[in-house]
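Here's the structure we're looking at; comments come further down.
Just so it is clear, the structure is predicted and the values come from calculations on it, not from any experiment. Heads up: numbering here begins at 1 and tracks the sequence.
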Amino acid sequence: MRKELEVILNSTHDAMIAVDKKGIITLFNKAAEKLTGISQSFAINKPVVDVIVNTRLMYVLETGDLELNRQQDLGKIKIITNRMPIRDEDGNIIGAVAVFRDVTDFLDLAAQITNLKEIQSMLQAIFNATQEAISVVDQNGMNVMINPAYTKVTGLKEDDIIGKPASADIVEGESIHMKVLSTGKPVRKARMKVGPSKTDIIANAAPIIVDGELRGSVAILDDVSEIIKLTKELKEAKQIIRKLEAKYTFDDIVGNNKLMLGAIEKATIAAETPATVLLRGESGTGKELFAHAIHNSSSRKFCQFVRVNCAALSESLLESELFGYEEGAFTGAKKGGKKGLFEEASGGTIFLDEIGEISSNTQLKLLRVLQEREIVRVGGIKPINIDVRVIAATNMNLEEAIKDGRFREDLYYRINVVPINIPALRLRKDDIYSLVLYFIQKFNQEYGRSVKNISLTAIEMLKEYDWPGNVRELENVIGRSIINMLHNENTILEGHMPKLNVKYNNILEPIKALDEAYIMNEDVKLEEVLSETERKFILMTLNKYKNSKTKTAKALGISIRNLYYKLEKHNIEI
């Protein structure tokens, strides 16, 4: 029976050490030998304190206490041990036993699990904290993870997405997750619209590979709706606001008519002073040309010249461009704020074209600039001193605008310090021939031509026209005439010129053209007819109101900005 017991005790994986009531080792099985590195023959019949250095069996003998699941270092290994007293039938302690096993691997594994949990928590925190919108789908194309940035970009919460197909968030475009899952390859810079607000995004996606198997797809979404909006506004602003060195001088102003010479003389005198100048005249008379010349003849000619078309910018954009803004003044405001054009033009000249179109609120701020020579940025309170020369221009009757309450009288007196009236071309037709020669020389250089003159018949034809578009329209006519000439021709004839005195008073003219097209067995698209009708009706209305864009827009029932868009669309120059 004793041998059978020894076999059993030596077969168990648990190490066992037993002592009698004097602490002498009576049992030391094979597992104990393996874990301690001490042979059974050496240990048996020896005091346990001489064999196991840090044993607590003597404490159990003395106190009779149980010690269960105690961790202990045993050389280079860690063990978990249970110690208990051995009692006789009367309850007297006659010995003690320790049962223990090596838990080094288990503790290492537990540490690894703990580390993994910490890493998982850290990765989850990073996933949630990143400003990049992220979505993850499994191998079946079902959404399994999104982060808060994703919710912010798309407007969709976990309940809207998790457990649903990869395409659940897409309004326009194809699912890049499904492309990744079908090809196993990354997808980059995909454009689409997502969420209830149809947010414009650019997305990049990549496959998730685990042990060589495709287990899902992860995508990063970049909100580009604000970028698209700002890019559009910037494009519009660049077309309207030009910061440049003034190109023209008074030598570039062609004309010997007494009205024109009077305007040039007055502008030349004004250039020598810092006074505010108001250039008045119809569209196409050359107001910007005068502004360049005045700047280049002034003491400010080596400083900045800035042109702003006040009519073509919204009130908020015009205000922030003119006066600048402080950081945080509005959503999307640049960090650190931004200088306005008045600040950038300080020391130089700012040319405010179509000043009659600015709002009453901006008029009040402009008045302060002219009175106090200081500006306050949008969202700011601190005044900033500036030194800038203002040249304003308008084709509007400002006196009528004052009566109608559309223009401030006090601002009128501030900008009307040196008024210069630039005559319409119909009032200086004796300058037409000189202007034609000037434009011939200009287009010869641009088009690589060698045109020398214009016929008397053609000149007379030009003088019979009233030129609602003024010098700009004449320039356009000469340019088109030269294009119509053969390369070996050097004189502009009447037949080279586009038709003048065309009255766009028949809105049904495109329909007549349509009837003729059908007679000629030609196919004409409805879109072409509608576009041509719109173009001719705009031209008719412009002609009616003498190229006043404000009156034309009002008559057409559209905004001034929409009118600018349509003028560009139909390539109408005024």
Side-chain angles (χ1 to χ4, degrees), residues 233-234 236-243 276-283 287-288 290-291 305-325 329-330 338-346 349-380 384 386 388-420 545 547-554 558-565 567 574:
E233 289 188 356
L234 180 61
E236 291 175 356
K238 282 182 177 179
Q239 292 174 346
I240 298 157
I241 302 171
R242 287 184 288 153
K243 288 181 267 184
T276 300
V277 175
L278 177 61
L279 301 172
R280 307 190 68 167
E282 298 175 7
S283 293
K287 295 187 291 295
E288 184 173 348
F290 268 77
F305 176 82
V306 177
R307 175 191 180 269
V308 184
N309 188 324
C310 300
L313 290 172
S314 65
E315 179 181 353
S316 58
L317 185 57
L318 176 63
E319 191 173 324
S320 63
E321 288 292 339
L322 286 178
F323 307 115
Y325 55 79
F330 49 84
K338 178 188 173 185
K339 280 185 177 182
L341 295 174
F342 271 108
E343 287 182 76
E344 292 189 5
S346 191
T349 302
I350 189 166
F351 174 45
L352 303 177
D353 198 6
E354 299 197 55
I355 195 172
E357 306 291 348
I358 62 177
S359 67
S360 57
N361 182 53
T362 309
Q363 287 179 34
L364 182 61
K365 292 194 173 186
L366 182 56
L367 180 63
R368 176 174 182 170
V369 174
L370 297 173
Q371 287 179 336
E372 308 296 336
R373 294 293 168 181
E374 64 182 27
I375 59 103
V376 176
R377 291 182 180 180
V378 175
I384 300 171
I386 58 166
V388 63
R389 204 269 182 78
V390 176
I391 300 176
T394 184
N395 58 10
M396 179 186 289
N397 187 326
L398 293 181
E399 292 76 17
E400 289 294 329
I402 292 171
K403 290 179 183 178
D404 296 340
R406 292 180 287 114
F407 200 82
R408 296 179 64 96
E409 187 173 9
D410 47 4
L411 178 59
Y412 170 77
Y413 291 122
R414 284 289 178 183
I415 63 173
N416 200 40
V417 178
V418 183
I420 299 174
Y545 292 103
N547 288 335
S548 169
K549 289 184 281 294
T550 303
K551 292 180 180 179
T552 298
K554 186 176 180 181
I558 60 177
S559 66
I560 188 74
R561 178 173 290 193
N562 198 7
L563 177 59
Y564 271 95
Y565 165 75
L567 292 177
I574 301 177

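In this structure, Lys554 contributes its side chain and Ile560 its backbone to no donor-acceptor pair below 3.5 Å. The backbone N or O of Leu341 lies less than 3.5 Å from no partner atom in the side chain of Glu321, so there is not a single donor-acceptor pair. Between the side chain of Gln363 and the main chain of Arg408, a donor-acceptor pair closer than 3.5 Å is present.
When side chains are defined from C-beta on, Glu282 does not count as touching Asn547, because their heavy atoms never get closer than 4.5 Å. Under the 4.5 Å side-chain criterion, counting only non-hydrogen atoms from C-beta, Phe407 is not in contact with Thr394. Here the side chains of Val308 and Leu318 are in contact, with some heavy-atom distance below 4.5 Å.
In terms of heavy atoms, Val388 sits closest to Ala345 at CG2-O, 3.7 Å. For the residue pair Phe305 and Ala291, the shortest heavy atom distance occurs at CE1-O, 3.8 Å. Contact between Ala392 and Ile355 at its shortest, heavy atoms only, is CB-CD1, 3.7 Å. Residue Thr276 comes nearest to Val417 through the heavy atom pair O-CB, 3.4 Å, listed as atom of the first residue, atom of the second, then distance.
In this structure, the separation between CG on Leu567 and CG on Asn562 is 10.0 Å, given to the nearest 0.5 Å. To the nearest 0.5 angstrom, Ile358 atom CD1 is 12.0 Å from Lys365 atom NZ. Atom CG of Leu352 sits about 10.5 Å away from atom CG of Leu278, to the nearest 0.5 Å. Interatomic distance, CZ of Phe323 versus CD1 of Ile386, reported as 8.5 Å (0.5 Å rounding).
Each of Arg280, Lys287, Lys549 was compared with Glu354 under the salt bridge (Lys or Arg N to Asp or Glu O under 4.0 Å) criterion, and only Lys549 meets it. Residue Leu411 is tested with Leu370, Ile402, Leu398, Leu364 for a side-chain contact (heavy atoms from CB on, under 4.5 Å); the sole match is Leu370. Checked against Phe342 for a side-chain contact (heavy atoms from CB on, under 4.5 Å), the options Val306, Ile384, Leu366 give a single hit: Leu366.
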Does the side-chain contact (heavy atoms from CB on, under 4.5 Å) test come out yes or no for Arg389 and Val277, once each step is laid out? CA-CA 9 Å; Arg389 204 269 182 78; Val277 175; 3.7 Å; yes

Check the pair Arg377, Ile375 against side-chain contact (heavy atoms from CB on, under 4.5 Å), reporting the backbone distance first and the verdict last. CA-CA 6 Å; Arg377 291 182 180 180; Ile375 59 103; 4.3 Å; yes

Go through Asp353 and Arg307 one step at a time and tell me if the salt bridge (charged side-chain N to carboxylate O under 4.0 Å, His left out) criterion holds. CA-CA 7 Å; Asp353 198 6; Arg307 175 191 180 269; 3.2 Å; yes

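Under the rule for a side-chain hydrogen bond (donor to acceptor under 3.5 Å, both in side chains), Ser346 has no partner lying at least two apart in sequence or in another chain. Residues that satisfy the ring-ring contact (aromatic ring centres under 6.0 Å, His included) test with Phe290, not counting sequence neighbours, are absent from this structure.
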